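This is a predicted model, so every value here is computed, not measured. A note on names: the letters A, B, ... follow the listed sequences, proteins ahead of strands, and every chain is numbered from 1.
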There are 2 protein chains.
Amino acid sequence: MNGAATRQASRLIPTSQEDKFLSLFSSAHGTTQKLSASATIVSQGDKVTSVYRVVSGHVRCCAYTEDGHRRVVCFRGAGAIIGMGQPTHGTWNTSVEAVTACVVQSVARTLIDDRMPEDPEILNGVVRSLQSEIDQQEAHLLMMAVLPASERVFSFLEEFSRQRGSKGYVALPMCRRDIGEYLGLSMETVSRSFSALRDSQRIETLGAEKFRLLDPASQAPRLPDCHAA
Amino acid sequence: MNGAATRQASRLIPTSQEDKFLSLFSSAHGTTQKLSASATIVSQGDKVTSVYRVVSGHVRCCAYTEDGHRRVVCFRGAGAIIGMGQPTHGTWNTSVEAVTACVVQSVARTLIDDRMPEDPEILNGVVRSLQSEIDQQEAHLLMMAVLPASERVFSFLEEFSRQRGSKGYVALPMCRRDIGEYLGLSMETVSRSFSALRDSQRIETLGAEKFRLLDPASQAPRLPDCHAA
DNA sequence: CGTACTGTTGAGTACTGTCAACCGACGTGG
DNA sequence: CCACGTCGGTTGACAGTACTCAACAGTACG
């Protein structure tokens, strides 16, 4: 059986070297914009006209419910492609917002759609981008359904650390509320989970924004009885 | 703003008339198999060699964790394409199992990958299938994060009803445990939610397996305070 | 220096999971 | 034909988790 841990390892489909798909964004067809923190890149309900690529900074994809509540569907950092999953002639089902100051490139969706059939390399980039999105969403879904609060937070920190590739302290660009809305937890529970993880020596913190994972040896997740073997 | 309800309505990307993509499955290149209930079609960890299409019956895609627990990632009925989201040269990250007796067609993944660049219609089918999967997963994710138990169950029944298109009683092919694993709830809570929905006149039941939605006028979801406007 | 915002922590409540008993349908075997 | 065991579903009692409300600390900013 191939467990969730194994999936984690194989999850990242290589973003690949500078291929034609990515170079579309920096070509003459693409535009580059600088955004300040909390700027809105696209609003939920907007017509799908562009596909975006994050060059630097972090963005969040948010879904707003009718009653005005927000849910963070995903955070995306440098290198991420955003918008291929949206239907070509439809509307955005999420808003995309800058968490930190960002540099974001975009190209017309129609350009990609036009080039895709005639250029296998671009096609490949599109399909990889879609598959990667499915895989990440699925992992997110499983986590939400199975893990208790502290484990969700820990799992989030692991993932974030891993993306950053740093062994030292990592700075979280997003606030507790954002994390809560991503993990399906209240801000307070996220904060309590940080404290609990710190107290149980699973992470070290430096202020509220910086953290470091501790001793992988002791990092077997502490599951409640229901999830124990 | 485009609320979740609106998304629901526009979610289903038309599965399209008999196009070349779908006809691949029934062509000489495809194979058809009949499966009895609870048969396994693919196992998590298997190499990705085929893509499947459900002709009749219902299947579930399950993820097994290292500790042996199962989570249902999705249920899929007639017409569903399964496996395009899996990486071409990777392994299945879920098992696919027959919930009821099923007829399932399959074609080699490599065939689709080969034909995709040269045939825009097939390409279109693939991309639509991927986008549809992303959209459904996202809706699932939002539901799991926001809704309390009874609302999740109700939302599941609505979705299932809608797929069946029937106004009368609908038979659920899957058991309470399956539903629980899909919604991130225990079997008991699912059962209690059915009872609560019946008591509050939101559904009618006929035995344990058949249900009918009642009076759409009164079907504004009853959210707890935290989610009220 | 006051205000606003983020984060932390405490107290009480509500929800959901676990454990357990029970019911009814079904199939098997005596 | 009936006794029995199994399985899925339901319901109750209880416990644990996470949410809400609320107070408070630290920081940034005007």
By side-chain contact (heavy atoms from CB on, under 4.5 Å), A:Glu209 pairs with (sequence neighbours left out) none

OP1 or OP2 of D:dC19 under 4.0 Å from side-chain N/O of A:Ser186:
yes

Could you work out, with side-chain hydrogen bond (donor to acceptor under 3.5 Å, both in side chains) as the rule, every residue matching A:Ser95, not counting sequence neighbours?
none

For nucleotides 7-10 of chain D, which of its nitrogen or oxygen atoms have a protein nitrogen or oxygen under 3.5 Å away, and what is each distance?
unit_1	atom_1	unit_2	atom_2	d
D:dG9	OP2	B:Arg176	N	3.0
D:dT10	OP1	B:Arg176	NH2	3.3
D:dT10	OP2	B:Arg176	NE	2.8
D:dT10	OP2	B:Ser191	OG	2.8
D:dT10	O5'	B:Ser191	OG	3.1

Taking side-chain hydrogen bond (donor to acceptor under 3.5 Å, both in side chains) as the cut-off, I'd like each qualifying pair that reaches into residues 30-43 of chain A, sequence neighbours left out, listed once.
A:Thr31-A:Ser106

So, using side-chain hydrogen bond (donor to acceptor under 3.5 Å, both in side chains) as the criterion, who are the partners of B:Thr205 when residues are at least two apart?
B:Arg198

To the closest 0.5 Å, what do you measure between CE (A:Met84) and CZ (A:Arg128)?
12.0 Å

Sorted by chain and residue number, the salt bridge (Lys or Arg N to Asp or Glu O under 4.0 Å) partners of B:Arg177 (sequence neighbours excluded) come out as none

Find the distance A:Leu172:CG to C:dT8:P and express it as a whole number of Å.
11 Å

Go through the structure and list residues passing salt bridge (Lys or Arg N to Asp or Glu O under 4.0 Å) with A:Glu97, not counting sequence neighbours.
A:Arg60, A:Arg70

Going 5' to 3' along nucleotides 23-30 of chain D, which nucleotides have protein heavy atoms under 4.0 Å from the base (write B), which only from the sugar-phosphate (write S), and which from neither (write -)?
--------

Could you give the NZ-to-C1' distance, from A:Lys210 to C:dG7, as a whole number of Å?
17 Å

Would you please name every residue forming a side-chain hydrogen bond (donor to acceptor under 3.5 Å, both in side chains) with A:Thr189, sequence neighbours left out?
A:Ser186

Between atom CG in A:Asp178 and atom C1' in C:dG7, what is the gap in whole Å?
13 Å

